[in-house]
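Below is one structure, written out as structure tokens; the observations come after it.
As the structure is a computational prediction, the values presented were derived from the model and not from experiment. Below, read A as the first sequence line, B as the second, and so on, with proteins coming before strands; counting in each chain starts at 1.
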2 protein chains.
Amino acid sequence: MSDSQEPASGVRWTGGGRAPADRAARSDRVRRDNLSAVLELAHSRGALSRAQLTRETGLNRSTVAALVGELVERGLVVEGEPEASREVGRPSPIVRPDPSIVALAVNPEIDAVTVGAVGLGGQVLAVRRIDLDRSPTPVEAVEAAAQGIADVSVRVAELRGSGPDGEVRIVGVGIAVPGLVETRHGIVRLAPHLGWVDEPFTELLARRTGLSTHAANDASLGANAERIFGAGRGVEHLVYLNGGASGIGGGVIAGGRPFRGRSGFAGEIGHTFVSGADRADPSGSRGSLEVEVNRAALLSALGSGAVDADALDAALVGSTSPDVQAVIRRQLDHLSTAVSTVVNLFNPQMVVLGGFLASLDRAQPGRLETLVRERALPVSSEGLSIQRAQLGSSILMIGAAELAFSELLADPTHLPLRP
Amino acid sequence: MSDSQEPASGVRWTGGGRAPADRAARSDRVRRDNLSAVLELAHSRGALSRAQLTRETGLNRSTVAALVGELVERGLVVEGEPEASREVGRPSPIVRPDPSIVALAVNPEIDAVTVGAVGLGGQVLAVRRIDLDRSPTPVEAVEAAAQGIADVSVRVAELRGSGPDGEVRIVGVGIAVPGLVETRHGIVRLAPHLGWVDEPFTELLARRTGLSTHAANDASLGANAERIFGAGRGVEHLVYLNGGASGIGGGVIAGGRPFRGRSGFAGEIGHTFVSGADRADPSGSRGSLEVEVNRAALLSALGSGAVDADALDAALVGSTSPDVQAVIRRQLDHLSTAVSTVVNLFNPQMVVLGGFLASLDRAQPGRLETLVRERALPVSSEGLSIQRAQLGSSILMIGAAELAFSELLADPTHLPLRP
DNA sequence: ACTATATGTTTGCGAACGCAACAATTGGCA
DNA sequence: TGCCAATTGTTGCGTTCGCAAACATATAGT
């Protein structure tokens with residue numbers, strides 16, 4: 001995707017639309033795409049030899065050498081000593097992401113703003129949680145984010161050391177929003193939990209930081225994170241379902257790329273109709289997934305107050321109370337209806353469960369999968385794998401950083417050459 | 001997509017997987033992609049000037065001249081006299097699809113096999129319906145299809161004349177199957193109406209005809225046809241919902257391309273849960289869309305027997321009976337639940353209704369749209385347009401032919417040069 | 001008839017990749 | 001220890017392809 005340029009400041013807060021000219025391939029796109037392919041491999045694998053790059057890209061040895069050389073010149077990857085291997089033949093140098101390349105991740109929530117720094121390659125370098133005493137307005141969230149960014153930047157600079165090799169280059173900011181984000185302009189159209197409606201949060205943060213900034217729905221970013229570094233590594237078609245305090249979010253990966261729909265709202269599974277019962281959720285809809293499957297009902301069955309995700313997980317998995325088991329069973333039943341719908345509509349290879357949905361599955365292992373196989377089309381559920389998320393609490397930092405990296409990964413020539 | 005070759009006979013019945021080497025762009029892919037872009041424009045527009053091609057592809061004049069020249073040499077497009085226009089400047093020659101390029105479309109149904117011939121550009125040249133006295137086995141359907149192919153081939157040859165310009169080049173066969181098709185190998189995994197399970201219908205027909213043959217679900221093909229030549233022209237994200245005698249099918253277009261999911265089963269909306277009522281459909285599922293919204297219930301409310309789509313449409317739109325109105329209203333209500341789910345999950349720009357679903361909408365105009373706007377997420381339904389299909393009875397011929405054309409459109413160099 | 005405008009045509013150039021030959025490095029084996 | 005096979009890096013050359021620029025052509029307007 002080419003971006004709508006902002007020539008003066010270099011601040012870009014959106015990945016704009018595709019120009020009509022993108023229909024055709026220009027010859028300069030070849031280089032760009034090949035640099036992108038190599039950089040993406042280095043990013044997703046962490047480290048691999050030039051020979052591996054040659055095999056996986058299908059390009060010629062000499063071409064790969066030139067591409068890696070250019071990426072080294074641009075300060076995006078580093079070449080290291082060959083690994084001591086027991087293979088015959090000349091050893092191949094190892095290509096890794098340059099450790100100076102860092103993306104920032106921001107996740108505004110009702111009671112805190114969390115900011116992280118993530119290295120190219122997906123390593124979380126630093127996380128800072130700014131606690132808040134009340135749900136922030138966009139302006140307050142921007143201030144908290146700016147403070148968090150300052151903090152993690154210092155932390156990363158310390159980590160990298162202050163020598164000539166201690167340089168840190170921040171490629172941009174990614175925001176994981178618990179709500180609906182219009183990807184094109186980064187506008188938060190609706191974040192019910194935060195009480196935000198049509199807030200240009202991305203633009204505010206971009207102006208405040210002067211960095212290229214993008215935003216997307218948190219579950220969409222979680223899906224992408226699990227695809228690249230978690231349970232869905234190498235999976236081309238997956239659906240990620242996350243159970244959080246504010247409801248159930250969904251993110252879809254199709255053909256190895258995030259599926260966003262027309263405006264970025266795709267994957268909203270929370271309001272799927274799963275029950276003829278007459279309960280209504282706050283927004284007034286009846287029989288929706290979020291009415292039947294939610295964290296509050298689990299907490300009330302457990303008789304506990306507000307607890308964090310790990311405590312809830314432990315409580316659910318450890319509980320032997322028949323009442324709790326019954327609630328879990330009912331929630332899994334309703335969840336299976338929604339998952340079946342999703343499977344029938346998206347025909348994914350894998351469904352990844354995050355948040356308390358993973359806890360539900362862990363509490364009664366196999367039940368969800370059995371129900372989905374009963375209810376979804378047999379041919380669609382046949383090759384389906386249902387997994388729990390692997391990235392834990394850092395999933396949103398990684399996912400949001402991925403959003404910030406995506407520009408660079410798609411076009412490695414856009415970052416200026418290292419001085 | 002590159003194909004798994006069948007070197008001996010040249011018969012290919014599947015668009016195989018993408019080789020790992022496709023990660024990277026080779027320089028020969030540039031030419032291929034540009035030829036593809038030009039040919040696709042000629043195909044979808046029917047006719048446009050070289051100057052328009054230059055503008056829309058973003059390529060250089062000289063490049064477009066060379067590309068068009070190569071396509072002419074390959075016999076894929078023809079250049080004609082410039083149109084008399086009132087524009088200043090040198091007139092630009094008009095580029096059209098070569099009329100000798102033809103694809104065949106096959107649609108096996110319970111009581112007939114329909115075969116069509118479609119020109120590059122989407123014009124239906126001939127249709128032949130082979131009536132059957134009982135639901136065909138795959139072998140019987142192949143025989144009927146072969147007979148139909150022979151018939152329409154003769155008809156097309158007559159149309160084209162027998163002179164030196166009367167040549168007909170058939171690029172392949174596309175099959176629209178009322179059921180679930182594994183796109184990769186063209187296996188009909190389940191066609192309940194026909195009683196087919198795991199039938200290699202595509203391969204059978206490919207061997208019988210010696211032509212490159214592909215198959216897909218009928219609603220998926222309908223979606224693509226409506227996108228290119230019907231209600232969804234220029235729409236990048238749309239969902240097509242078709243109401244047929246055998247149930248409700250769905251097809252999804254995302255990012256301007258068919259969305260098939262992992263194996264080609266995506267878009268199966270018929271079993272979506274829409275009702276807490278206790279009716280079950282033949283396959284045993286309860287409360288699914290197909291249980292609540294179906295053609296049989298409409299016919300029984302109308303008191304009529306088996307009628308064709310046009311007669312049903314007229315009857316529904318013309319009926320003033322309160323009972324019929326009530327049935328229509330109830331079906332629209334349930335349909336709105338499913339459409340809302342689809343809108344929330346795919347965030348399309350347009351929903352296109354075909355078959356008796358279009359008739360339902362025509363009978364009580366605006367009702368469905370109103371309900372969907374009430375039930376779907378406001379931000380997702382905001383930019384949504386609900387339209388009735390435009391292509392009528394030829395939709396499956398066009399859609400199936402599109403499947404046959406897709407190989408050629410993606411790689412115009414694969415068809416041998418004209419002698 | 002003349003001018004402005006738009007487009008086709010031709011030519012030369014540069015970018016980028018593949019190929020092939022050669023160099024470098026390692027493991028295996030006598 | 002020395003030689004060979006295998007694998008990969010390096011270098012120079014050729015090909016393909018698109019772009020830019022200069023020139024040619026055709027039309028509308030004055």
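- The only option from B:V38, B:L53, B:V72, B:V64 that meets the side-chain contact (heavy atoms from CB on, under 4.5 Å) definition with B:V95 turns out to be B:L53.
- Here B:F259 pairs with A:F259, A:F346, B:F346 under the ring-ring contact (aromatic ring centres under 6.0 Å, His included) rule; sequence neighbours left out.
- Checked against salt bridge (charged side-chain N to carboxylate O under 4.0 Å, His left out), B:R45 has the following partners two or more places apart in sequence or in another chain: B:E56.
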Could I get a table of every N or O pair under 3.5 Å where one atom is in the protein and the other is in nucleotides 28-30 of chain D?
| from | atom 1 | to | atom 2 | distance (Å) |
| --- | --- | --- | --- | --- |
| D:dA28 | OP1 | B:S85 | O | 3.4 |

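- Here D:dT16 presents its C1' atom at 15 Å from CZ of B:R32, a figure rounded to the nearest Å.
- Partners of B:A103 according to the side-chain contact (heavy atoms from CB on, under 4.5 Å) rule, which considers only residues two or more places apart in sequence or in another chain, are B:V171, B:A401, B:A404, B:F405.
- A ring-ring contact (aromatic ring centres under 6.0 Å, His included) check over residues 78-105 of chain A, counting only residues at least two apart or in different chains, returns nothing.
- Spacing between atom CZ of A:R31 and atom C1' of D:dT16 amounts to 16 Å, rounded to whole angstrom units.
- Taking the side-chain hydrogen bond (donor to acceptor under 3.5 Å, both in side chains) definition, one finds that B:R260 meets it with nothing, sequence neighbours left out.
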List, with names and distances, any nitrogen or oxygen atoms from the protein found under 3.5 Å away from nitrogen or oxygen atoms belonging to nucleotides 9-12 of chain C.
| from | atom 1 | to | atom 2 | distance (Å) |
| --- | --- | --- | --- | --- |
| C:dT9 | OP2 | B:R50 | NH1 | 3.4 |
| C:dT9 | OP2 | B:R50 | NH2 | 2.5 |

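- Partners of A:H43 under the side-chain hydrogen bond (donor to acceptor under 3.5 Å, both in side chains) rule, at least two apart in sequence or in another chain, are A:E402.
- The side chain of B:N34 places an N or O atom within less than 4.0 Å of a non-bridging phosphate oxygen (OP1 or OP2) of D:dG18.
- For B:S92, the listed nucleotide lying nearest its side chain is C:dG8; candidates were C:dG8, C:dG18, D:dC17.
- Applying the ring-ring contact (aromatic ring centres under 6.0 Å, His included) definition to pairs two or more places apart or across chains, none involves residues 44-94 of chain B.
- Across all strands, B:P93 comes closer than 4.0 Å only to sugar-phosphate atoms, never to a base (heavy-atom distances).
- When the nearest nucleotides of DNA chain C are assigned to B:A51 and A:V64 by heavy-atom distance, the more 5′-ward of the two goes with B:A51.
- Rounded to an integer number of Å, the gap from A:R29 CZ to D:dC17 C1' is 15 Å.
- Note: CG (B:D33) to P (D:dT16) measures 18 Å, nearest angstrom.
- Taking atom CG of B:L59 as the reference point, atom P of C:dT7 lies 15 Å away to the nearest angstrom.
- Ion pairing of A:R31 with A:E70 is present here, as a side-chain N (NZ or NE/NH1/NH2) and a carboxylate O approach within less than 4.0 Å.
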